[in-house]
Amino acid sequence: MPKALITGITGQDGSYLAEFLNAKGYEVHGLKRRSSSFNTDRVDHLYVDSHYSGAKFFLHYADLNDASSLAGPLADIQPDEIYNLGAQSHVRVSFDIPAYTADVVAMGTVRLLEAIRRANLRCRFYQASSSEMFGNTPAPQSEASPFHPRSPYACAKVFAHQITVNYRESYGLHASCGILFNHESPRRGETFVTRKITRAVARMKLGLQDKLYLGNLDARRDWGFAGDYVGAMWAMLQQDTPDDYVIGTGEAHSVREFTEAAFAHAGLDWRDRVLIDSRYFRPAEVFDVRADFLKARRALGWEPTVGFAELVRMMVDADLADLHRQLSGGAAALRVAAEFNP
């Protein structure tokens with residue numbers, strides 16, 4: 001049974017990747033930071049008590065900020081594949097906490113690569129690079145496009161990308177970088193613009209919210225489905241030779257288009273419900289990104305399966321269903337309380 005280790009396993013991508021690898025027969029190990037509150041809801045369904053047979057999913061405490069915490073799990077697990085998805089990944093927030101972002105994203109990658117090298121692990125390594133590294137380089141962007149990072153997050157990702165390439169060339173690591181363009185899902189964090197929109201639409205549909213405040217409606221992004229993209233991550237590590245690949249849909253849509261589609265799917269008019277708040281603008285904006293993923297299509301045989309319209313509908317429907325469950329649970333709790341407190 002092959003073993004995989006995933007940093008950032010409690011995030012959107014980590015949860016989809018864990019499912020994907022479990023389905024392929026992997027024993028999956030994830031690193032998570034210690035927190036006083038539970039943050040494993042995206043992966044709880046994968047957990048089987050290790051006291052029982054059949055467990056293929058395990059969590060370990062570690063932190064990309066702490067090199068010493070990485071050495072233990074690497075030595076104990078001896079993974080065949082490592083996927084570095086851990087990050088402070090909110091671009092707008094990276095302007096507020098640039099030093100922390102750089103430490104986790106850039107130096108965290110160095111710590112992990114150095115732990116692999118010093119342990120002399122013969123594993124394959126995946127680095128989660130980002131389309132944000134291209135900034136305002138003219139679209140479409142491919143592996144040959146120059147980087148022009150426009151945020152602390154993007155700058156840190158460029159460093160992490162380049163240091164991964166350096167370890168590949170210097171030490172012979174089988175290390176590949178996936179330059180992923182924006183990928184969304186119902187598991188997307190609630191502060192990211194796509195999920196912020198779909199959650200607001202669900203709340204407005206049920207009469208729980210009146211207005212939605214957004215930033216730059218004209219920014220264009222290449223949005224795909226996160227569940228598709230984890231297959232590309234895995235495919236990169238199955239290649240005989242490590243390399244770097246752009247992953248996206250090849251289509252760009254504006255925040256305005258995403259907003260229109262989400263509201264329309266719920267039968268709502270967005271124009272009198274959406275307001276602009278300058279606090280949500282970035283100090284340095286990225287205006288237009290669109291992937292040229294021809295290399296991945298040819299070398300990996302990878303194609304996206306979920307289009308833009310389907311992705312929007314999926315996210316709105318999931319948030320509506322989740323809100324209905326919450327409201328139903330609340331009503332049930334009130335009924336139970338009434339029975340015990342007549």
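Quick caveat: nothing in here was measured; it's all calculated off a predicted structure.
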Distance from [X] atom [atom1] to [Y] atom [atom2], nearest 0.5 Å?
X	Y	atom1	atom2	value
Thr241	Arg168	OG1	CZ	10.0 Å
Ile163	Leu113	CD1	CG	7.5 Å
Tyr245	Cys177	OH	SG	11.0 Å

Assess, by modelled atom type and distance only, whether the side chains of [X] and [Y] contain a donor and an acceptor separated by less than 3.5 Å.
X	Y	answer
Asn120	Arg118	no
Ser15	Arg187	yes
Glu81	Tyr26	yes
His45	Glu19	yes
Gln162	Asn166	no
Gln209	Arg203	yes
Asp244	Ser176	no

Next item on the list: Would you please name every residue forming a salt bridge (charged side-chain N to carboxylate O under 4.0 Å, His left out) with Arg92, sequence neighbours left out?
Entry: Asp96
Margin query: Restricting to salt bridge (charged side-chain N to carboxylate O under 4.0 Å, His left out), what partner residues turn up for Asp80, sequence neighbours left out?
Written below: none
4.5 Å side-chain heavy-atom contact, [X] and [Y]:
X	Y	result
Asn136	Arg150	yes
Phe147	Thr137	no
Met133	His161	yes
Val274	Lys211	no
Ile179	Ser130	no
Thr40	Ile9	no
Phe181	Gln141	yes
Ile197	Val255	yes

Test your reading of the model: is there a side-chain donor-acceptor pair from [X] to the backbone of [Y], 3.5 Å cut-off?
X	Y	answer
Glu285	Phe281	no
Lys24	Trp234	no
Thr7	Leu85	yes
Lys205	Ala266	yes
Arg290	Ala252	no
Asp222	Val289	no
Gln12	Ser185	yes
Asp277	Leu214	no
Lys157	Ser89	no
Ser69	Asp66	yes

Next item on the list: Applying side chain to side chain contact (heavy atoms under 4.5 Å, CB included), run through Tyr83 and Val230 and close with a yes or a no.
Entry: CA-CA 10 Å; Tyr83 297 84; Val230 297; over 6 Å; no
List the atom of [X], the atom of [Y], and the distance in Å for their closest heavy-atom pair.
X	Y	value
Pro186	Met314	CD-SD, 3.7 Å
Tyr229	Asn182	OH-O, 4.2 Å
Gly248	Phe293	O-CD2, 3.4 Å
Ile82	Cys123	CD1-SG, 3.8 Å
Gln88	Val104	N-CG1, 3.9 Å
Val91	Ser151	CG1-OG, 3.6 Å

Check: Which pairs pass side-chain hydrogen bond (donor to acceptor under 3.5 Å, both in side chains) with one or both residues in residues 295-321, sequence neighbours excluded?
Finding: Arg195-Asp319, Thr198-Asp319, Asp228-Thr305, Asp243-Lys295, His265-Asp317, Arg297-Glu303
Checklist line | Pair Phe134-His148, side chain to side chain contact (heavy atoms under 4.5 Å, CB included): steps then yes or no | finding: CA-CA 5 Å; Phe134 294 121; His148 181 195; over 6 Å; no
Check: Charged N to carboxylate O under 4.0 angstrom, Asp218 versus Arg256?
Finding: yes
Note to self: Salt bridge or not between Arg199 and Glu190? Use side-chain N to carboxylate O under 4.0 Å.
What the structure shows: yes
Notebook entry, point to check: Which is it for Glu114 and Arg117 under the salt bridge (charged side-chain N to carboxylate O under 4.0 Å, His left out) test, yes or no, and what are the steps along the way?
Noted result: CA-CA 5 Å; Glu114 190 64 3; Arg117 185 183 74 84; 2.6 Å; yes
Item checked: For Phe287, the rest of its hydrophobic cluster, which grows through side-chain links under 4.5 angstrom -> none
Next item on the list: Kindly state each residue pair satisfying ring-ring contact (aromatic ring centres under 6.0 Å, His included) with at least one member in residues 87-112, sequence neighbours excluded.
Entry: His90-Phe192
Item checked: Name of the residue among Trp270, Trp223, Phe263 meeting ring pair (Phe, Tyr, Trp, His ring centres under 6.0 Å) with Phe258 -> Trp223
Next item on the list: Determine, stepwise, if the pair Arg273 / Leu212 fulfils side chain to side chain contact (heavy atoms under 4.5 Å, CB included).
Entry: CA-CA 6 Å; Arg273 297 173 182 265; Leu212 170 64; 5.9 Å; no
Enumerate donor-acceptor pairs with a distance under 3.5 Å from any side-chain N or O in residues 54-64 to protein atoms, sequence neighbours excluded.
unit_1 : atom_1 : unit_2 : atom_2 : d
Lys56  : NZ     : Asn22  : O      : 3.0
His60  : NE2    : His29  : ND1    : 2.8
Asp63  : OD1    : Asn65  : N      : 2.9

Margin query: Assigning hydrophobic clusters by single linkage (Ile, Leu, Val, Met, Phe, Trp, Tyr; side-chain heavy-atom cutoff under 4.5 Å), is Val193 placed with Leu311?
Written below: yes
Note to self: Using ring centroids (six-membered ring only for Trp), state whether Tyr213 and Tyr280 fall under 6.0 Å.
What the structure shows: no
Next item on the list: Compute the centroid of each ring, for Phe225 and then for Tyr16, and state whether the two points are separated by less than 6.0 Å.
Entry: yes
Item checked: Ser254/Glu257 under side chain to side chain contact (heavy atoms under 4.5 Å, CB included): CA gap, chis, key distance, verdict -> CA-CA 5 Å; Ser254 67; Glu257 290 176 81; 3.3 Å; yes
Check: Checking salt bridge (charged side-chain N to carboxylate O under 4.0 Å, His left out) for the pair Arg188/Asp13: CA distance, chi angles, key distance, verdict?
Finding: CA-CA 9 Å; Arg188 189 53 142 157; Asp13 294 4; 5.9 Å; no
